[in-house]
Structure formats: structure tokens, C-alpha cells
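Reviewing the structure listed below.
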Number of protein chains: 2
Amino acid sequence: MRLSAKGEYGVRAMVHLALHYRDGPIPLSKIAVDENISRQYLEQIFLSLRRSGLISSVRGVKGGYSLASPPGEIFLGDIIRVLDGPITPVNCLSKEIREEELPSCGRGERCLARSVWEKLRDHINQLLDNISLQDMIECKIDQM
Amino acid sequence: MRLSAKGEYGVRAMVHLALHYRDGPIPLSKIAVDENISRQYLEQIFLSLRRSGLISSVRGVKGGYSLASPPGEIFLGDIIRVLDGPITPVNCLSKEIREEELPSCGRGERCLARSVWEKLRDHINQLLDNISLQDMIECKIDQM
DNA sequence: AAAAACCCTACTAAATTAATAAGGTATTTA
DNA sequence: TAAATACCTTATTAATTTAGTAGGGTTTTT
């Protein structure tokens, strides 16, 4: 039950952008240094985030990245799903996997564990989909 | 945010034992076949579960494994922590890691993401520590 | 024109996870 | 008491995933 480094880096980088929202684009190299993340690895992460529409970029000197929407409209679930794929405790719950590819547990609806995994999945998603970057920079998490 | 196969197999096997609680010891080979898990891999899993005191074993012909406590007293969190280690979304929250070994994020209390990971960790643990094997075999999950 | 900064693919290395192998030990039953 | 059953254990390998590097490109500003 661990988040990947990619997801963790992504969230930290997005918080960084949130803190500088309206300061104009922030160069990736600055974020990489401040957050202690390899520049080239962070480029991969930002490539995904940009393609998914969560951030936008400006090229050239004085360019950089900025949030595509206000911090209050971007949720942790969005970020993590883009970087790590669907948030699900076991593969067989993921809708993106087609029936044929299902792991060989072959138990279908008979699986007593299934409803637990579904509940766990829904819990995690609901939590992450209700925490915005704004909540984070305002330190509202503890009161949630 | 995915459970390992080990954790998943472990839970399924424990549910199996719960369904046969009071039937006397169930041979591992039977569980392996019924749950479609490699016998030798399941042996490793049961070794951990036994050493942690969640199950007990009887050797020899007519031997096998059984739950060490009633199904109502064994919780999913117990099983998963034994097999996968502490349930924590990011390493830096795990108490089992000493300060010196902390990953190099080097941000300590300044980390805005930290309280989110803590909240997520607590949520997941609380959920898993409140679902017993008894709940599962009685299909009470959906009403929780 | 040069510098700054984004853009992108491919590859490699590291770590983790999953599984297999191979043999040992204890207990029951014919 | 011998054979069969089934647990016990460590070591090794295979597979997969994750993390990170390399190396080049393009765009824009000064």
C-alpha cells in the first residue's frame, strides 16, 4: 500500500506550483533543485501532468510551468491517477483491465475478498478526491 | 497504492481458514489448490502468519493449519502488516525507519505533503483494523 | 546568435516482488 | 515400523516494476 516516488514527487511539485500560483511560470529546474528531485525524472513527470491538462507550460527563456487551474480545483486524486494509474488495491478491480487479462484468481463474484478491496479502493479515492492543493497550502488537512 | 500478491493471497487464505474454523486443521495443499496459489509460495506466507501467531499448525498426516483465534478477533490490518510490513503510503512516515535512514527529501516538518500522507495512512489502517474475518464471511462489508 | 528552458524517446539500473527448488522434520496410519 | 502426508526452512532465480539517465531535439527571449 505504498505510493510510488513518481506520485509523491508529483504531488510535491504541484504543491510547489500552487504556492507560486500567479507568479508566472516556474522553471522546472528550480523546482527540481528546491524539491531535491532529479531534473530529468521531473521532466517525465511534468510531461504526463501537462498532457493530462493539469499544468501548462511556456517555452523558452523566462518560461516554465504553472497550474492549469486554481489550486482549489486540483485534487490529489487527479495528480496521482495521472502519474500512477488508477488507484486500486488489487488489479482485478481496475476497470481499465479487460476481462481477458484478468489475473487467474478466476473466482469472479464468489470472491469474498472482493467487496473489501472495493471498499478500500473507494475510501482511498474519496479521500484523495476531496483534498485540493488549496487545502494543502492552507494546512486544512488536519481539520478534515 | 496497490496491495502485494502476498497480502492478497494471505487474506484469501485466511478467509478460507475462517470458513473452516472448527473443522480441524486444513492442509495447506488443499488451500493452495482451492485458491489457485502456488503451494510453495503459500508455504512462505503461512510461515510468516504462523510465526506472527495468527495461525497455528499441526504436523504430519491429518495435519494442517487453523486460525489461532476466532474469526471475529482477527483483522485484515493484522494480516496485511505481517505480510507486507507497515501500511504506509510513503516511507518517511514509517516508524520502523530510523532518522538516519530517511529518504533524502530532507524537509522534515516543513513538508506540506506530510500531513496528507499521515491522514491517508490513518484512514487505511483504521479501515483495515475494523474489518474482521468474521465480517467477511458474514458479508457485512457493504453495510459498514 | 546564444542562452534558457521546455519537449520527447529510449535505455539502463536498481529494487522489489513472485515464484521455484530442494531438502528437512514431525506425525499418523496401515 | 515403514510409508505417506504434511508442515518447516533457506536459498536461489525469474519476473516485474520503479527509478533514474542519456541524449538529443524545439521554442523563445535577450
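Keep in mind that this is a model prediction, so the values were computed, not measured. Chain A is the first sequence line, chain B the second, and so forth, proteins listed ahead of strands; every chain is numbered from 1.
Put simply, CG on A/L28 is 19 Å from P on D/dT27, counting in whole angstrom units. Following rounding to the nearest Å, A/Y41 (OH) and C/dC11 (C1') show an atom-to-atom distance of 15 Å. Regarding A/R59, its CZ atom lies at a distance of 9 Å from the C1' atom of D/dT28, rounded to whole Å. For the pair B/L42 CG and D/dA6 P, the interatomic distance rounds to 14 Å; values are reported in whole Å. Following rounding to the nearest Å, B/I45 (CD1) and C/dT17 (C1') show an atom-to-atom distance of 11 Å. Rounded to a whole Å, the CG atom of A/L49 is 14 Å from the C1' atom of C/dC7. In this structure, the CG atom of B/L47 is 17 Å from the P atom of C/dA19, given to the nearest Å. Here the C1' atom of nucleotide C/dC6 and the CD1 atom of A/I31 are 12 Å apart, to the nearest Å.
For D/dT5, the OP1/OP2 oxygens have no side-chain nitrogen or oxygen of B/S29 closer than 4.0 Å. OP1 or OP2 of D/dT9 lies within a sub-4.0 Å distance of a side-chain N or O belonging to B/R50. For the OP1/OP2 pair of C/dC7 and a distance below 4.0 Å, the side-chain nitrogens and oxygens of A/Y65 include at least one atom meeting the criterion. The side chain of B/S4 places an N or O atom within less than 4.0 Å of a non-bridging phosphate oxygen (OP1 or OP2) of C/dA18. Between B/S57 and D/dC8 there is a side-chain N or O to OP1 or OP2 distance below 4.0 Å. At the phosphate of D/dC8, neither OP1 nor OP2 sits under 4.0 Å from any side-chain N or O atom of B/R51. Proximity of A/Y9 to the phosphate of D/dG20: a side-chain N or O atom is located under 4.0 Å from OP1 or OP2.
Without hydrogens or angle criteria, B/N125 side chain to B/I87 main chain gives a donor-acceptor distance under 3.5 Å. Between the side chain of B/R12 and the backbone N or O of B/E35 there is at least one donor-acceptor pair closer than 3.5 Å. For B/N130 (side chain) and B/Q126 (main-chain N/O), a donor-acceptor pair under 3.5 Å exists by modelled atom type.
Among the atoms of the strands shown, none is found under 4.0 Å from any heavy atom of A/F46. Within 4.0 Å of A/R39, counting heavy atoms only, lies no atom of the nucleic acid at all. Among the heavy atoms of the strands lying under 4.0 Å from A/I26 are primed sugar atoms or P, OP1, OP2 only; no base atom is included. The residue B/I37 sits apart from the nucleic acid: no heavy atom pair falls under 4.0 Å.
Checked by distance alone, A/Q44 brings no side-chain donor or acceptor within 3.5 Å of a matching partner on the base of C/dC8. A/E43 contributes no side-chain N or O that forms a donor-acceptor pair with the base of C/dC6 under 3.5 Å.
Listed nucleotides: D/dA19, C/dT20, D/dC7. Nearest to the side chain of A/A5: D/dA19. In this structure, the nucleotide among C/dT9, D/dA19, C/dA21 sitting nearest to the side chain of B/Q40 is C/dA21.
Side-chain atoms of B/S4 and B/D84 form a donor-acceptor pair, as typed in the model, at a separation below 3.5 Å. Side-chain contact, A/Q44 with A/Q40: no donor N or O sits under 3.5 Å from an acceptor N or O.
The residue among A/V61 and A/L3 whose nearest nucleotide of DNA chain D is located toward the 5' end is A/L3. For B/K62 and A/D84, each mapped to the nucleotide of DNA chain D holding its nearest heavy atom, the one lying further toward the 5' end belongs to B/K62. Mapped onto DNA chain C by nearest heavy atom, B/G7 and A/G60 fall at different nucleotides, with A/G60 at the one closer to the 5' end.
Each of B/Y65, B/Y9, B/Y41 was checked for a ring-ring contact (aromatic ring centres under 6.0 Å, His included) with B/F46, and the lone residue meeting it is B/Y65.
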